[in-house]
Every structure is written in C-alpha cells, then in structure tokens.
Amino acid sequence: MRAGGGALLEFNEVDVHFYRVAGLAVASEIELPGAIAAAPQAGAPDIAVRSGRVPAALEQASARGATWEIAGDKFLFRVPDVARFLLGGGREITFEAAPGVEAGDISIFLLGTVLGILLHQRGQIVLHASAVRVNDKAVLFCGPSGAGKSTLAAALAQRGFPLVADDFCAVTVSGAGAVMVQPDGRNLKLWAQAIQKLDLAERRGARVRNRLEKFFVEPAAVFTEPLPLGTVYALREARPPHKPAIERPNVVDAALILRRTAYRPALVNRMGQKADYFRAATAIANAAGIFHLTRAFNFESMPELVAQLERHWLDVGLTERAA
Amino acid sequence: MRTVWLASYPKSGNTWLRMLIANLSAKDDKPVDINDLPEGGGIASARVPFDRLLLIDSGLLTHDEIDCLRPRVYEELARGTQDDEYDEVEAPPAVRFVKVHDAYTLTPKAEPLLAGARGAAAAVVIVRDPRDVAPSLANHNGGSVDDAIAFMADEDAAFSAKPGRQHNQLRQQLPAWSGHVASWLDQKDIPVHLVRYEDLQVDTAGTLRAVLAFVGQPASEDEIRRAVAFAGFARLQEQEREKGFREAPRPWAGGNFFRRGTAGGWRDELSAEQVARIETSHAPMMRRLGYELATTAALARAG
C-alpha cells in the first residue's frame, strides 16, 4: 500500500496533474476534468490523490453508513462498482478502481463527494451551493441536489456574473468574523435539457460520465480569487403554500438554512463540526443577508428570475444604480 | 418502530389514506394542513434521503445504478437512521408509514428494490378500478385519457425516467397497471393488506379501522370518526381550493390533485371503446380484485 509511510505527499510518477480546488493545491495521479488546472508545484501539495490499495472496511470504525466508515482521521467511502476511496487526515486521497471502470467515472466522484468530505475533514465549512461574483462579493445559491443551483449559476454567468463555485462552496471565517468564499470556478455540470433551454450548446464540453446525458459546460466567465460573502439565497420551489418571492427568513430559520445547507449534513455531526457550523452560521448571518428565493421551477421564467435578482442586488446595496 | 409501505399505482387513493392516517392525531380539533404532511422522507422515491445517507450525488448515477443502491437506503431508514443527523433525533413513531408508487421489483443485482423484510415490516396495498384511474391519471399528467390508458398498458412505463434532466424524484417503474398490482400482491417478502379505493369510499371508518388493526396501531372510535370527518374528500378539495396542494403536479394551473374522488365515474368519462381497451389489457387482474367487466370481448378473454 503506497499511501503509507512518511512520504505521503510525494509522487514518484512522471505524470502528476496539478489543480486548484476550493483554494487548495491538489496534485493528482489521474486527470480531474472540470477542475481548474494549476502550474506544477515543487513543494508538497495541500491534497495528494493517488491510486493504491484501499481496504473494503476500516477496523474499529466509530461511525458507519452503507457506503462509508470513519475511524480516527481515516474516512472510507465506497461508490459500489466504481471505486473505493480512502481519505486520510484531510491531506491524502487513495482510490482503488473497480474492475473495468473508466478514469472519468472516478474523477467525477473525486471532485464531488470525495473532496467535499476531505474539506469536512480539514475542518472547513463546506456549503452545498453554487456562487457567482456580483461586484466584489460572492453571491451564494444553496439547496440540495436538483434544487437548480448550477442552472441558475449558468444563467447568471451568461448575464456577465462570473462563476465562483459550483455545487460545493468552501467558506472561511476569520477571527474577526469576516467571511470569505474560496473560489472553485470549475466547469458547470448541466443536464442536456438545461443546456438546450439556456442556449448553451456552444459551451458544452464532454459528458460528465459517458453514460449520462449530463455535460461539462464552460461558463462565460469565471473568477478565481477569494471573495467576501455578499448574499446567501436558499433555493425553494414555488409550490403551495410558498409563492414566488425573495423573503428574509427570521433569525432562527436563517440559522437553520445554513445548517441544513452543509455539503453533507450527516457528516457535520459525525465529524465533530457542530460548533464550527454554528459559529459560521452566526458569522454568515451577521456578514451577509440570508434570503429564501422562491421561484417557479421552469426554464421559461429564468430571464424574469435573473432580472428579479438584479433588482434585489440594487435594493440590498450589492450593486449601484447606473448614474 | 415498524415501517409500513403505503403502496399503490398512482391516483389510487394513496394520498387520501395518508391524510386519513395523519388526521388520527389531528391537534386542536382542526384538520391537518394538507401541506404539512411529511413529504421528503414521506415517499420512497425521494431523492434527498438517498444523497444524504449514501453521501453519493444521485445526479451522477444512472437509474439502474441508483436502483442497485436503493435497498441500502431503505434498510437504514427502517433501522431508524435519520437523513439529517444534525438535529436532535425526534422520538420515532411506533409505525412509520411511507408512501411508495414503485412496483415491487428486483434491482439489476436481483435483490428487492425496497429491501424486502429489511426495508419494511408490511405493506398496505391500495388498488382502484383502472377505469377510474385512467381519467384521474390523465388529469394528473395534463394529458389525454387515451395517453393515460396507453401508459397504464405499457410494461416499460415509469415516472421520473426521462434522460437528460434531473427529476425531483428517483425513477419509479410502473410496469403496467396489472403488473404493478401483481408485483405487490404476489411478492412473498412481507405481509400485505389489500385496500380497495371503492371500499374506502363506501365504508371509510371500517376500512381505516382494518388498516390500523393490520399494522398494529389501533385507534379509538373517536379518533377514527374525527379522521374520517377531517379527511373527507370534500374537506380535502376545500383545502386544495383555498391554498393549493404542494404535491400536485406542475403546473398547478392545470387540474386539481383532489379531482372527483368518485368510484364508477368512468361510466360518464370514458367512451365504450376506451373501456374496452382498458378491460382488454387488464381483465384478469380486474376480475381478481372484483371489478366487474363491462365488455363481453374482455370477458371472453378473461375467461
């Protein structure tokens, strides 16, 4: 097993790929399509990704679910018939592919759940959100898978608001309570239907997995520096009794929104981050407005939604009216 | 805590039965708000519990890959695992009712999609005359009755299965109306209690009482009387008219979720030819469930 011993973060291979994910330097044995490529680094990366033997189970696991186990600073994650991933100390990721699996099938899970868990391991606040840049702030759109985060970010990028992050969003809180969003302006991942409805065919890249009608889409603009947090919107579908609106929830609900929007809520508790998230929720509530964004769930109303958001940014002072 | 599936083909009275059960514990002598029923974990095909418990983004998996993993989700939920561990765990109910429209199928790995006896202790299977299901399904889908009849005869039919988009829910296989009902009645993994929509209408209290006896959660006569009053079809329609129903299909401008709530409405809604088509497709199962056939052609075939 190569992932043992002292030289954990050193690679002997010639082919190492360098990326920047959520503000961290990543060196990987396999290509990670969709991640932002970085210049080769001489020093140790923040995160090393390599293939190797991964056990089917961890000894003395303190918590486990059907697809994952935690033992000390080790986290085992299994995507059945794709790969097993062993995450160590927030610094190294070892993967063992199932027979006959393509590299693309592994990288897509690496860039999603696996890095998300690793960020949890590093004690970072990770929100299930996409973000765009508005003036010099990051505006976040939160919600579970399927809530429409990427689609809205794509529509806003078309309107000239650069993509800052898609799907998960690493947030840091300084001692003084300043909240910064770490950029992760990777490609968007959009379903064929969204690409067609948003007229993004020209920006369509490779399939996310070759068996899915879901594609990488290069946003019209990306932004790759950390940004202070501007506004947070929790996406909600306009279904009875909720009508389309942008509303400020009460303080209790705002805190609840932020806690629920953790990238993987089940892990917050299991990985001892409850207090961190509570502190972050308070800092975010103080530093930025938190709103419910309730809208019809269809593509036809997207231009109207973008216009509504632009009006709201004027109202809350994120942008200024042209003289 | 025991998990019990409330299993039915769509538009067969599943939600009505859920409303009746929910109103057994109505507080302040007021009907339960139709938009307050637990929903996320309330239907087996919900996407969020899958993503949360397995940590895998279901949006990166094919329908078949998702199906292979779904049994793991139901096992965990039946053991009492909460899909949001962040909050304090509430005291679990003695019986956890979960709505399910999926047929009782096997995954590509040949295990029960709903995890057999590890996923639930029992199933209440609700059936309705397919001739009444068809117009209700047409209203639900915003399509024609003929389309609904064709869907109900299609062995490959499914909800939330279109490629190239993310559906709100996981794929639900609905392998023809007859096949769907047979899959539940003929499986041997868990005990089944059969409820006919028509009986629920004629004797709501008695049918509800029998369901509660089956699941081992008896209610007092007062509670049953109140639930029947609060979740009467007219009361549900009234609530939907007033504030809308969040489980209604998009767009809500179309039909109502609680449409007619009648038995035998097909007599004035379907043409003789449509009735014949339904009966030709489903005669054996209709006879098995006691739905009298109207067309002789179907009778001959069923004989």
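Quantities reported herein were computed from a predicted structural model and do not represent experimental measurements. Letters A, B, ... are given to chains in the order of the sequence lines, protein chains preceding strands, and every chain is numbered from 1.
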Where does [X] contact chain B at under 4.5 Å (heavy atoms): side chain, backbone, both or neither?
X: R264(A); result: side chain
X: P80(A); result: side chain
X: D81(A); result: side chain
X: I117(A); result: side chain
X: Y263(A); result: neither
X: V208(A); result: side chain
X: L212(A); result: side chain

Ranked by heavy-atom pairs below 4.5 Å to chain A, first place among D57(B), D51(B), T62(B), L60(B) goes to L60(B)
Please state whether the side chain, the backbone, both or neither of N35(B) comes within less than 4.5 Å of a heavy atom of chain A. side chain
Side chain / backbone / both / neither for I34(B) at chain A, heavy atoms under 4.5 Å: neither
Using side-chain contact (heavy atoms from CB on, under 4.5 Å), reason through L87(A) and Q121(A) one step at a time and then give a plain yes or no. CA-CA 9 Å; L87(A) 292 72; Q121(A) 242 181 1; 3.6 Å; yes
With chain B, which of G116(A), A147(A), A66(A), S145(A) has the greatest number of heavy-atom pairs at distances under 4.5 Å? S145(A)
Name the option with the most non-hydrogen atom pairs under 4.5 Å to chain B; the candidates are E213(A), R78(A), Q193(A). Q193(A)
Between [X] and [Y] (salt bridge meaning N to carboxylate O under 4.0 Å), is one present in this structure?
X: E247(A); Y: R236(A); result: yes
X: D67(B); Y: R171(B); result: yes
X: E237(A); Y: R239(A); result: yes
X: E65(B); Y: K109(B); result: no
X: E102(A); Y: R211(A); result: no

Does the gap between the ring centers of F245(B) and F258(B) come in under 6.0 Å? yes
Using the rule given for salt bridge (Lys or Arg N to Asp or Glu O under 4.0 Å), can you reason through R70(B) versus E75(B), listing the C-alpha separation, both sets of side-chain angles and the distance that settles it, and then say yes or no? CA-CA 9 Å; R70(B) 282 176 67 180; E75(B) 285 164 6; over 6 Å; no
